[in-house]
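Chain naming here is simple, since letters A, B, ... match the order of the sequence lines and numbering starts at 1 in each.
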Protein chains: 2
Amino acid sequence: MEENLPKFESAISIDCVIFGFDAGELKILLIERSADPFKDWYALPGNLVKQDEGIEEAAGRILHELTGLNDLHMEQFHTFGEVNRHPSGRVITVAYYALIRINSQKEVKPLIEFAKKAFWHPVSELPKLAFDHSDIFKTGFNKVRRRLHYQPIAYELLPEKFTLTQLQQLYEAILNKKLDKRNFRKKMLSYGFLKELDEKQKNVSFRAAKLYKFDRRKYAKIFQNDLNIEES
Amino acid sequence: MEENLPKFESAISIDCVIFGFDAGELKILLIERSADPFKDWYALPGNLVKQDEGIEEAAGRILHELTGLNDLHMEQFHTFGEVNRHPSGRVITVAYYALIRINSQKEVKPLIEFAKKAFWHPVSELPKLAFDHSDIFKTGFNKVRRRLHYQPIAYELLPEKFTLTQLQQLYEAILNKKLDKRNFRKKMLSYGFLKELDEKQKNVSFRAAKLYKFDRRKYAKIFQNDLNIEES
DNA sequence: TTGCGTTATTGTATAAATTACACTTAGTGT
DNA sequence: ACACTAAGTGTAATTTATACAATAACGCAA
């Protein structure tokens with residue numbers, strides 16, 4: 001760190017890998033670019049950080065502008081700073097992932113200026129993305145996969161009330177492998193932070209499953225020791 | 001991402017948390033600042049990224065300039081971008097950690113221009129650091145602690161040949177808790193990537209322990225499946 | 001109302017991993 | 001040869017993970 005700060009003639013951006021879960025499939029939000037470079041390509045939503053804005057703050061703002069949603073769990077996962085990653089100039093991008101409930105009441109409404117359109121795309125068959133966005137996605141997905149084991153991120157993707165089968169499908173989608181139903185349920189319930197509701201699925205043409213919700217208080221209580229170790 | 005790239009009037013820096021292990025203690029490399037702001041404070045070694053230099057490259061260069069060492073395992077762990085984290089202007093810093101063998105032949109030789117001095121300091125009793133460097137350290141240490149469980153980072157801190165007791169002391173220093181000797185040895189040896197040498201400790205005033213070395217080939221073979229899952 | 005189709009729900013036996021725990025051995029130095 | 005120090009070693013108990021399939025509940029249609 002130097003005293004006289006030479007200016008760095010570059011731009012800083014945020015790119016977001018926004019995960020959603022819908023119809024048993026894991027999806028991310030993509031935009032179609034309306035101008036060069038990479039005109040007509042699909043890309044991750046992202047934008048530039050403002051001069052007077054912290055990057056966490058910027059990430060929140062940009063996600064809000066792109067989806068209309070606020071206060072989501074956003075987590076920074078990597079910064080990409082290769083010199084030539086952007087053909088128009090030096091752009092260093094800080095990548096975040098976010099987890100949202102696709103089915104929540106609000107529509108996802110991206111800014112028009114930004115892209116021709118925005119849409120959800122299944123992660124299982126992503127096309128090549130603009131810039132190094134395929135790498136960014138891959139890195140982010142791996143982080144999410146890993147964090148799934150020790151952070152309650154699944155519950156940010158599911159609706160408030162969900163069935164154990166939905167939870168299992170989500171785990172299977174993220175981990176990309178089949179899990180044993182009995183063992184899965186046994187394990188999830190053994191944690192003690194899933195609250196069984198007096199309510200069942202509706203509008204299904206078969207036996208309705210019990211609904212559960214994630215009990216944030218109990219989760220915090222159960223894992224406060226672990227967290228303390230992390231912080232200490 | 002915009003087409004016409006407005007310039008971001010800021011500096012990008014790299015800060016390094018450089019871990020070493022010596023005399024049974026985990027240490028990091030600090031510098032003492034020679035000028036304001038934070039004159040005379042201790043700080044993490046760091047420097048600005050150049051205009052035409054990728055950040056990975058910059059991290060390698062900066063670490064080299066500060067220690068004379070090359071080709072170390074460096075890993076990016078977080079980017080700090082609060083607006084006011086640096087009193088002289090906007091500086092966004094990408095933080096890396098590195099793991100080195102303090103006792104290796106070469107001396108650590110920091111650039112003079114940079115700081116009054118550079119020295120190893122035990123992590124167990126760090127003073128307050130300049131800027132937000134205490135936070136950076138804390139975040140980095142937590143990442144290292146977590147990665148210890150699934151990446152072979154311990155062997156980058158130990159000498160080429162080491163005893164199981166040294167390995168255990170290192171684990172205890174990073175995890176900050178006592179481990180059971182028998183269980184620890186059993187588990188480490190069960191992985192199958194530690195090679196027992198026909199050699200013992202020298203110059204000790206008690207029974208000499210067997211020396212082991214980390215077998216990178218075997219490690220790669222054993223964990224290639226896991227890695228494939230990560231990449232896929 | 002009966003039967004069919006679909007998904008929900010549940011337990012047990014086995015294997016693997018983790019934990020708790022203390023004495024004997026080997027070498028050094030006096 | 002004695003004392004000191006750290007090295008080295010095994011077993012039983014517990015917990016956790018895995019493999020595996022039949023029955024119950026419900027909607028729907030005949």
Worksheet item: Does R61(B) pair with E57(B) as a salt bridge, N-O distance under 4.0 Å?
Response: no
Item to complete: Could you check which residues of residues 157-170 of chain A get a heavy atom under 4.0 Å from DNA chain C? Sort them by number, please.
Response: T165(A)
Fill in: Integer-rounded Å distance: dA20(C) P and K178(B) NZ
15 Å
Practice prompt. Go through the side-chain N and O atoms of E56(B) and Y96(B) and say whether any donor and acceptor fall under 3.5 Å apart.
Written response: yes
Discussion item. Regarding R147(B) and E75(B), does a basic nitrogen lie under 4.0 Å from an acidic carboxylate oxygen?
Written reply: yes
Discussion item. Walk me through whether V94(A) and Q76(A) qualify under side-chain contact (heavy atoms from CB on, under 4.5 Å).
Written reply: CA-CA 7 Å; V94(A) 184; Q76(A) 184 191 313; 3.6 Å; yes
Worksheet item: In terms of side-chain heavy atoms, does Y155(B) have a donor or acceptor partner in R101(B) at a distance below 3.5 Å?
Response: no
Practice prompt. Sugar-phosphate atoms are those with a prime plus P, OP1 and OP2; base atoms are the rest. Using that split, label each nucleotide of nucleotides 22-30 of chain D B, S or - for protein heavy atoms under 4.0 Å, 5' to 3'.
Written response: --BBBS---
Discussion item. Can you measure F184(A) atom CZ to dT10(C) atom P for me and round it to whole angstrom units?
Written reply: 15 Å
Worksheet, complete the sentence: So CZ of F137(A) and CG of L30(A): to nearest 0.5 Å the spacing works out to 9.0 Å
Practice prompt. Mind listing the closest non-hydrogen atom pair of W120(A) and G20(A) along with its distance?
Written response: CZ3-N, 3.6 Å
Worksheet, complete the sentence: Separation of dT9(D) atom C1' from R185(B) atom CZ, nearest Å, is 9 Å
Practice prompt. Before giving the answer on salt bridge (charged side-chain N to carboxylate O under 4.0 Å, His left out), spell out for E172(B) and K177(B) the whole-Å C-alpha distance, their side-chain angles and the decisive distance to 0.1 Å.
Written response: CA-CA 5 Å; E172(B) 289 177 342; K177(B) 64 178 176 188; over 6 Å; no
Item to complete: Indicate yes or no: does D22(A) engage K27(A) in a salt bridge with an N to O separation below 4.0 Å.
Response: yes
Worksheet item: Once each nucleotide of nucleotides 11-19 of chain C is scored for protein heavy atoms under 4.0 Å, what B/S/- sequence comes out, 5' to 3'?
Response: BB------B
Discussion item. Under 6.0 Å between ring centres: does that hold for Y97(B) and F141(B)?
Written reply: no
Item to complete: Take atom CG of L189(B) and atom P of dG8(D), then tell me their distance rounded to the nearest Å.
Response: 10 Å
